[in-house]
Every structure is written in structure tokens, then in C-alpha cells.
Amino acid sequence: MALKFDTRYPSIDDLRTRAQKKIPKFAFEYLDGGCNEDVNLIRNTSELREVQLKPNYLRQHHGSSLKTKLFGIDYDAPFGIAPVGLQGLMWPNSPEILAKAAFEHNIPFILSTVTTTSIERASELTEGKAWFQLYHPAEDRLRDDIIKRAEAAECPVLVILCDVPTFGFRPRDIRNGLAMPPKMTLNNILQVLGKPHWAMQTLKYGQPNFETLKPYMPKGLDLKQLGKFMDQTFSGRLNEEKIKPIRDMWKGKLVLKGVASEYDTEEAIRLGLDGIIVSNHGGRQLDAGQSTIKPLSTIAEKYGDQIEVMMDSGVRSGPDVARAMASGAKFTFMGRSFMYGVSALGKKGGNHTISLLKTELQQVMEQLCCEKTSDFPNHLIK
Ligand SMILES: Cc1cc2nc3c(=O)[nH]c(=O)nc-3n(C[C@H](O)[C@H](O)[C@H](O)COP(=O)(O)O)c2cc1C
């Protein structure tokens, strides 16, 4: 097997270890941590890995293909890059690196409202293939303007979020003074000095900014004023009243992310959404919640023929993607895995991580004798 990635890092865990060495502690902890005591963060991966799959070694095999159709679009693999805020803080230029790699590998890249490149730039890098995740603006005027920009950028899918009625309670970020936005304390500055490559890259690309939001932000805000701007600009809790006008305006596919219950799935169907991402934000919002694999199986079985059911949170390998798909997900997303890749390997990190996951998933499919990604559920041991 010809391996198309750097063989020094053949797992997401290797990338995580290297990322930890390369970037300042406050940035690594922002990326790596969950909320409260990390219970749900840990459960996401450990309970996903309890899913077991059955191979059929003697069955005729005509080759396995990762190609997967979603919303009428043919993708080269059944996984994509989840929206992550403040990406440029973990590694300068990282949303651009990931958007480009996603385009080259023909997988979806979802741009966060609060990341460090703009809708227009992500669209340019992906020739209009990037999806956009909208944090719900408090003002209708701002909401309409951002949606119009996403439409003008030919974004095929708009993702709205239901799992951020409040910001997550994350002790590490509180300790590091890394609320939204980051604060440069003396301790944080000392951490930067210990990571010269990161510091040089940050100098080269400049301080990360919320590029999509720049046109709406008064110039020259200090950090405290910026925090206030964010609080005033976004209203966290989503409801029917907020979803309906978006559904009316947005002609493309509309996806609700952060679903963890049958109730929210039924609401999404009733309000005319095209898909849901069963997700707990990577264990960053509700530590007392379930791991995503638990509601995924029930939701996919009950509602999978009425709405596209996708999943994220805890996926760290090709076998994990296979486990999620066998449990009913039509498509999976990963946040940290890709950010570990870029934080570890810089501009090579996007291609490396996608190639690694593709190689692992191809191996699982051939091992199972699974020819199409839609056949994964046939291999689930119930
Ligand atoms: C550092 C970080 C920042 C995130 N920022 C956002 C965001 O701005 N918008 C969003 O919809 N989800 C955000 N998420 C959640 C991811 O989209 C995704 O649900 C989560 O990372 C999946 O879990 P995983 O990291 O275990 O793959 C963030 C996740 C992380 C780790």
C-alpha cells in the first residue's frame, strides 16, 4: 500500500502529541479541552469505539469506494471538516489551509462565523464549495446581510446551531484568560515565547481577526469592547421564530447542528430543514449530556428517511468514521482531528490528515468487504 501521508504521524493521536509541542498552551487547551470535567469529551470517543463491525471475508469483493453523495453533491469521502472558531489562533492561516485541502480532496469544509477567514475567501479557495455555519445574529439586518453574502459566495449549505444557548463552561479557558476573545496575559505571552515557529508564523500572517464579521465591527476595539460586541451581536438560543425567516430566505440546503434528541429532530423536520448534525459540539457544551453515538442510532433509525442525519463529536480515525456510519450516520464531521493536523504540520497538515483518514477508512471497507459507504449498516453487530 503506497501511503500518501507523512509516515511519522500515522494516527490522529500522533498529530495531537506533536500539536501540543508546537503551539502555546492556551491555544492547545482551547482546541483540546471539553467543558467542565471533560466527561462528555472522553465519552464521545470511548462509547463510539464500543461499536463493533462484522467482516464477510469469503464474499465476492468488487472493490470499495469512499465516494458518498450528500445533498446531491458527490464527495470523495464520507467525512468533512467541522466548523471551528478562532482557527488562526491554533495555527496561523489554518482555515485557508483546511479549506484548500478539503477542495483538493473533494470533501466539505464548513466555515465558522467566528473563525479567522471570511466567507468570500473560503468560497474563493473552494470554488464555491465551502459550507457556512451561522451563529445567530441578534439583529435581523445583520442576519440578512450575512446570509446574502453566503448566497453570493455560492455556498451550497448553511448550517445553524442549536447547542450554544450559552457559551460552554471551560475551566482551562477561564484559567488561561481565554474567553471570547483571547486575552494576552503575561503568562500567555511567556507561552508564546516558548513556541518560536508558531510565533514566527503569527508574525508573518498577523494577529488573527474575525474576518467575516469585520465589516460590522467598529474599528479599533480593545479586547474588552470586542467581548461586548460579540455578546451584543449574537443571540444564542435558537427557536422556531428565528429558524423560520432563515428557511424562507435560504434557497440552498439548511442543516441544524447540535441535535441530541428526538424532539429537536422532529422540530427540524417540521421546520423544513434538509439535514441535522447529531453533535454535542465535541463535548464542549453539556458535560452531563450523552455521547453522540447514543442518540445517533435512535435518531437515524426513526427519522433517517425524512431528513439527512449526519454526526460529529469524538471521531478520530477511519474506523471511527465506519462505526458512526454503521450506526446510521450518512456523513461524519471532525473538528479537532483536522486542527491537530494543521497545528502539528502547518500547511501540510490538511492534506496529511485527510489522506490518513481516507487510507484508514479504505482499509476498513476492504477488510469488511463493504463496497459502498451506504452499506456500512449491514456490518453493524447489534
Ligand atoms: C476549538 C473548537 C472550536 C469550535 N468552534 C465552533 C464554532 O465556531 N462553530 C460550530 O458550529 N462548532 C464549533 N465547534 C464544534 C465543532 O464544529 C464540532 O462539533 C466538534 O469539534 C466535533 O467534535 P470533535 O472535535 O471531537 O471532532 C468547535 C470545536 C472546537 C474543538
Side-chain angles (χ1 to χ4, degrees), residues 12-13 15-16 19 23 26-35 38 40-49 79-91 94-95 98 108-117 119 122 131-136 157-165 167-168 170 172-173 176 178-182 208 210-213 230 234 236 238 255-260 276-286 289 291-293 296 310-317 320-321 323-324 329 331-343 353 357:
I12 299 298
D13 209 42
L15 296 170
R16 179 182 177 276
I23 71 176
F26 64 84
F28 182 78
E29 291 194 337
Y30 169 67
L31 169 63
D32 192 60
C35 61
D38 290 344
N40 212 6
L41 168 76
I42 294 163
R43 254 191 211 145
N44 274 335
T45 306
S46 66
E47 294 190 355
L48 175 61
R49 289 183 173 178
F79 58 80
I81 301 178
V84 168
L86 273 175
Q87 283 165 306
L89 178 81
M90 272 78 83
W91 193 260
S94 55
L98 287 175
F109 168 80
I110 314 181
L111 185 83
S112 161
T113 311
V114 291
T115 194
T116 50
T117 197
I119 303 178
W131 300 17
F132 180 67
Q133 173 264 313
L134 177 74
Y135 266 111
H136 199 277
V157 182
L158 184 70
V159 178
I160 50 178
L161 270 193
C162 63
D163 62 359
V164 190
F167 278 111
R170 304 184 193 132
R172 293 177 192 80
D173 295 349
N176 293 331
L178 190 87
M180 188 77 158
F210 297 108
E211 294 295 338
T212 294
L213 298 176
M230 288 293 178
F234 297 107
L238 207 60
V255 166
L256 182 65
K257 175 173 180 279
V259 174
I276 54 168
I277 305 182
V278 178
S279 165
N280 57 32
H281 219 99
R284 292 166 75 81
Q285 293 296 120
L286 178 65
S291 67
T292 43
I293 193 68
L296 171 70
M310 299 158 271
M311 181 267 201
D312 77 19
S313 300
V315 179
R316 301 279 183 275
S317 68
D320 288 347
V321 173
R323 291 177 173 109
F331 215 87
T332 57
F333 289 89
M334 284 162 262
R336 293 184 184 82
S337 298
F338 292 110
M339 285 310 302
Y340 292 143
V342 179
S343 305
T353 313
L357 292 164

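Counting starts at 1 for both ligands and their atoms, following the listed order. In what follows, residues are counted from 1 in the order of the sequence shown. FYI, side chains are in, hydrogens and waters are out, and symmetry mates aren't considered; it's all heavy atoms of this structure.
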- Task: Would you indicate whether the side-chain heavy atoms of Thr292 and Asn44 approach each other to under 4.5 Å?
- Result: yes
Would you mind reporting whether Met230 and Leu213 have side-chain heavy atoms less than 4.5 Å apart? yes
If you scan protein heavy atoms around atom 1 (C) of ligand 1, the nearest is Arg284 NH2, 3.3 Å
For the backbone of Pro95 and the side chain of Thr117, can you confirm whether one donor and one acceptor N or O come within less than 3.5 Å of each other? no
Looking only at protein heavy atoms, what sits closest to atom 21 (O) of ligand 1 is Gly335 CA, 3.4 Å
From the list Arg284, Arg43, Arg172, side-chain hydrogen bond (donor to acceptor under 3.5 Å, both in side chains) with Asp38 holds only for Arg172
Residue, atom and distance of the protein heavy atom nearest atom 17 (O) of ligand 1 read Pro83 O, 2.6 Å
- Purely on distance, is any nitrogen or oxygen of Ser337 under 3.5 Å from one on ligand 1? no
### Message
Assess the residue pair Ser279 and Asp312 against the criterion (side-chain hydrogen bond (donor to acceptor under 3.5 Å, both in side chains)); give the C-alpha distance rounded to whole Å, side-chain angles, the decisive distance to 0.1 Å, and a yes or no.
### Response
CA-CA 5 Å; Ser279 165; Asp312 77 19; 2.6 Å; yes
> Side chains of Arg16 and Asp32: closer than 4.5 Å at any heavy-atom pair?
Replying inline: yes
So the atoms of ligand 1 within less than 4.0 Å of a heavy atom of Leu31 turn out to be 1 (C), 31 (C)
_Any side-chain to backbone donor/acceptor pair from Thr115 onto Gln87? Under 3.5 Å, distance only._
yes
Quick look: His281 vs ligand 1, heavy-atom contacts under 4.0 Å, and the answer is both
Quiz item: Can Arg170 be said to sit on top of Phe26's aromatic six-ring, NZ or CZ under 6.0 Å from centre and within 45° of the ring axis?
Solution: no
Below 3.5 Å, N or O to N or O, backbone or side chain included: is there any such pair between Gly314 and ligand 1? yes
Under 4.0 Å between heavy atoms, the region of Val114 that gets near ligand 1 turns out to be side chain
Exercise. Does Pro83 offer a backbone N or O that forms a donor-acceptor pair with the side chain of Gln133 under 3.5 Å?
Worked result: no
Out of Gly34, Ser279, Ser313, the nearest non-hydrogen contact to atom 22 (C) of ligand 1 is supplied by Ser313
heavy-atom search around atom 12 (N) of ligand 1 in the protein gives Lys257 NZ, 3.0 Å
Ligand 1 to Tyr30, heavy atom cutoff 4.0 Å, flagged ligand atoms 1 (C), 3 (C)
Among non-hydrogen protein atoms, atom 9 (N) of ligand 1 lies closest to Gln133 OE1, 2.9 Å
Of Gly85, Gly283, Ala27, the residue with the heavy atom nearest atom 5 (N) of ligand 1 is Gly85
Task: Expected output: side-chain Thr212 to main-chain Thr113 donor-acceptor under 3.5 Å - done: no
Looking only at protein heavy atoms, what sits closest to atom 19 (O) of ligand 1 is Asp312 OD2, 2.7 Å
The atoms of ligand 1 lying under 4.0 Å from a heavy atom of Met334, numbered in the order shown, are 27 (O)
Query raised in the report: Under 4.0 angstrom from ligand 1, any heavy atom of Arg316?
Result: yes
Review point. Side chains of Val315 and Phe79: does their closest heavy-atom pair fall under 4.5 Å?
Key: no
protein heavy-atom neighbour closest to atom 8 (O) of ligand 1 works out as Ser112 OG, 2.8 Å
Here the atoms of ligand 1 under 4.0 Å from any heavy atom belonging to Gly282 are 20 (C), 22 (C), 23 (O)
